[in-house]
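Report on one structure; see the data block that follows.
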Amino acid sequence: MRVVISIGGSVLAPDLDPERVEGHASVVEALAREGCEIGAVVGGGGVARDYIGAARDLGANEVQLDQIGIDVTRINARLLIAALGPQVDPKVAHDYEDAGDAIRRGDISVMGGVMPGQTTDAVAAAFAEYVDADLLVYATSVDGVFSADPKSDPDATKFEEMAAGELVDVIADIEMSAGSSAPVDLLAAKLIERAKMRTIVLDGTDPKRIEPAVLRGEHSGTDIIPEGGDEPTYWAQ
Ligand SMILES: Nc1ncnc2c1ncn2[C@@H]1O[C@H](COP(=O)(O)OP(=O)(O)O)[C@@H](O)[C@H]1O
Ligand SMILES: O=c1ccn([C@@H]2O[C@H](COP(=O)(O)OP(=O)(O)O)[C@@H](O)[C@H]2O)c(=O)[nH]1
């Protein structure tokens, strides 16, 4: 089974904690031991938002802010690489071809951001499509996709499952400036819809939740059901 895991900066690096990064690396390694081929995409987290906030005050434009965000995601990717064993490609992949080559060699490949105007959510979706992944997992700071932002709307309800097209509709209303927060960004939602990619959005603050989700489909987040896609297959079944 080939899986791309997007580890949001909010769960990997809300601050700099080597133990937290180690926890995520252990789960990636455990999945690799189960025979999964893995691509990981790492977000920018609190450090990216601090840099983006400071540069915005200094007058940087949104593209410049995105470039700062990309640099920080790549530093976070280096952190995850540092915590992974010899099976990881030591280079942060800057494009999908390099990442795909690493996976075909049998390495774990780690990416950060690639270009302004999007977030690492879209990188993960494009990476998953490029390598024909069986599953795309978003490990984020909230346990799935809600009808509205659960942090600001107490009446927001969680989707246990939703069609990719519905995901696009929910996400379309969320503001998109450098450093903004969404469980999955709009471009990612469109790519998931286009690729008919089986996708899970779950709370990855405890990385141990990722393993049963990948191996057995067991999680309490949101399943994004591809319209016209294949039935889900799980490695352990
Ligand atoms: N419809 C929604 N469903 C779930 N979360 C939402 C929604 N709209 C906004 N959010 C916010 O998106 C945040 C997830 O984004 P973020 O913290 O940036 O994660 P990541 O680091 O994984 O990119 C949540 O904390 C939540 O407040
Ligand atoms: O391909 C990319 C990836 C990231 N970013 C920028 O880097 C920031 C941090 O990345 P991301 O939002 O994925 O991090 P997370 O929300 O997971 O902390 C984003 O808000 C964008 O400003 C970008 O411009 N292009």
Side-chain angles (χ1 to χ4, degrees), residues 5-16 20 24 40-56 60-77 79-80 92-96 99 110-127 136-160 162 166-189 191 199-205 207 209-210 220-222 224:
I5 304 173
S6 167
I7 308 176
S10 61
V11 303
L12 184 80
D15 49 27
L16 277 182
R20 189 184 296 112
H24 283 276
V41 182
V42 170
V47 176
R49 286 188 176 82
D50 287 349
Y51 269 91
I52 287 170
R56 186 174 273 132
N61 63 42
E62 289 294 313
V63 172
Q64 291 173 315
L65 297 177
D66 282 342
Q67 287 165 330
I68 290 172
I70 292 167
D71 286 343
V72 178
T73 63
R74 289 176 175 168
I75 292 174
N76 285 340
L79 267 187
L80 184 64
V92 178
H94 286 197
D95 64 54
Y96 304 113
V110 184
M111 298 188 76
V114 296
M115 64 171 188
Q118 58 176 44
T119 75
T120 51
D121 298 336
V123 176
F127 186 7
L136 170 61
V137 177
Y138 287 97
T140 183
S141 59
V142 60
D143 198 21
V145 181
F146 286 68
S147 54
D149 186 344
K151 282 200 182 134
S152 55
D153 184 346
D155 295 328
T157 52
K158 181 164 69 184
F159 294 92
E160 276 176 29
M162 68 198 304
E166 284 179 272
L167 175 68
V168 171
D169 292 342
V170 170
I171 297 304
D173 292 337
I174 300 178
E175 184 215 354
M176 214 208 116
S177 54
S180 67
S181 277
V184 172
D185 77 20
L186 184 57
L187 178 57
L191 290 173
T199 304
I200 297 170
V201 180
L202 52 71
D203 178 356
T205 47
R209 297 198 185 111
I210 298 170
S220 56
T222 300
I224 316 293

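Counting starts at 1 for both ligands and their atoms, in listed order.
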Considering only heavy atoms, does [X] approach ligand 2 within less than 4.0 Å through its side chain, its backbone, both, or neither?
| X | answer |
| --- | --- |
| M115 | backbone |
| T119 | both |
| V72 | neither |

Number the atoms of ligand 1 from 1 as they appear, then name those within less than 4.0 Å of a heavy atom of [X], with their elements.
| X | result |
| --- | --- |
| R49 | 18 (O) |
| G144 | 4 (C) |
| V170 | 1 (N) |

Location of contacts on S152 toward ligand 1, heavy atoms closer than 4.0 Å = neither

task = With heavy atoms under 4.0 Å as the rule, classify the contact between D149 and ligand 1 as side chain, backbone, both or neither.
result = both

Any idea which atoms of ligand 2 are less than 4.0 Å away from a heavy-atom of [X]?
| X | answer |
| --- | --- |
| G8 | 17 (O) |
| V123 | 1 (O) |
| V114 | 1 (O), 2 (C) |
| G113 | 1 (O), 2 (C), 3 (C) |
| T73 | 10 (O) |

Please check whether [X] reaches ligand 2 - meaning an N/O of the residue sits under 3.5 Å from an N/O of the ligand, judged on distance alone.
| X | result |
| --- | --- |
| Q118 | yes |
| T120 | yes |
| G44 | yes |
| G9 | yes |

Between [X] and [Y], what is the shortest heavy-atom contact and its length?
| X | Y | answer |
| --- | --- | --- |
| Q67 | P116 | CG-CG, 4.1 Å |
| V145 | T222 | N-OG1, 2.9 Å |
| A148 | D153 | CB-OD2, 3.5 Å |

inquiry  = Suppose we screen for salt bridge (charged side-chain N to carboxylate O under 4.0 Å, His left out). Which residues come up paired with D15, at least two apart in sequence or across chains?
reply    = R20

By salt bridge (charged side-chain N to carboxylate O under 4.0 Å, His left out) - contacts of K158 (at least two apart) = D143

inquiry  = Measuring from non-hydrogen atoms of R49 to any atom of ligand 2, is the shortest distance under 4.0 Å?
reply    = yes

inquiry  = Does atom OH (Y96) have a neighbourhood of more than 12 heavy atoms from anything else shown, all under 6.0 Å?
reply    = yes

Report yes if some N/O of [X] lies less than 3.5 Å from some N/O of ligand 1; otherwise report no.
| X | answer |
| --- | --- |
| S147 | no |
| D121 | no |
| V11 | no |

ask   = Going by heavy atoms, is G43 under 4.0 Å from ligand 1?
value = no

request  = Consider ligand 1: state whether an atom of it lies below 4.0 angstrom from any non-hydrogen atom of A156.
outcome  = no

request  = Could you pull out, from S10, G9, S141, the option with a heavy atom nearest to atom 14 (C) of ligand 1?
outcome  = S141

request  = From the options A139, G8, P183, select the one whose nearest heavy atom is closest to atom 5 (N) of ligand 1.
outcome  = P183

task = Evaluate the side-chain contact (heavy atoms from CB on, under 4.5 Å) criterion for residues V42 and H24: first the C-alpha distance (whole Å), next the side-chain angles of each, then the deciding distance (0.1 Å), finally the verdict.
result = CA-CA 11 Å; V42 170; H24 283 276; over 6 Å; no

Quick check: does any side chain N or O of [X] sit under 3.5 Å from a backbone N or O of [Y], one acting as donor and the other as acceptor?
| X | Y | value |
| --- | --- | --- |
| T73 | G44 | no |
| T205 | S141 | no |
| Y138 | D121 | yes |
| D203 | V142 | no |

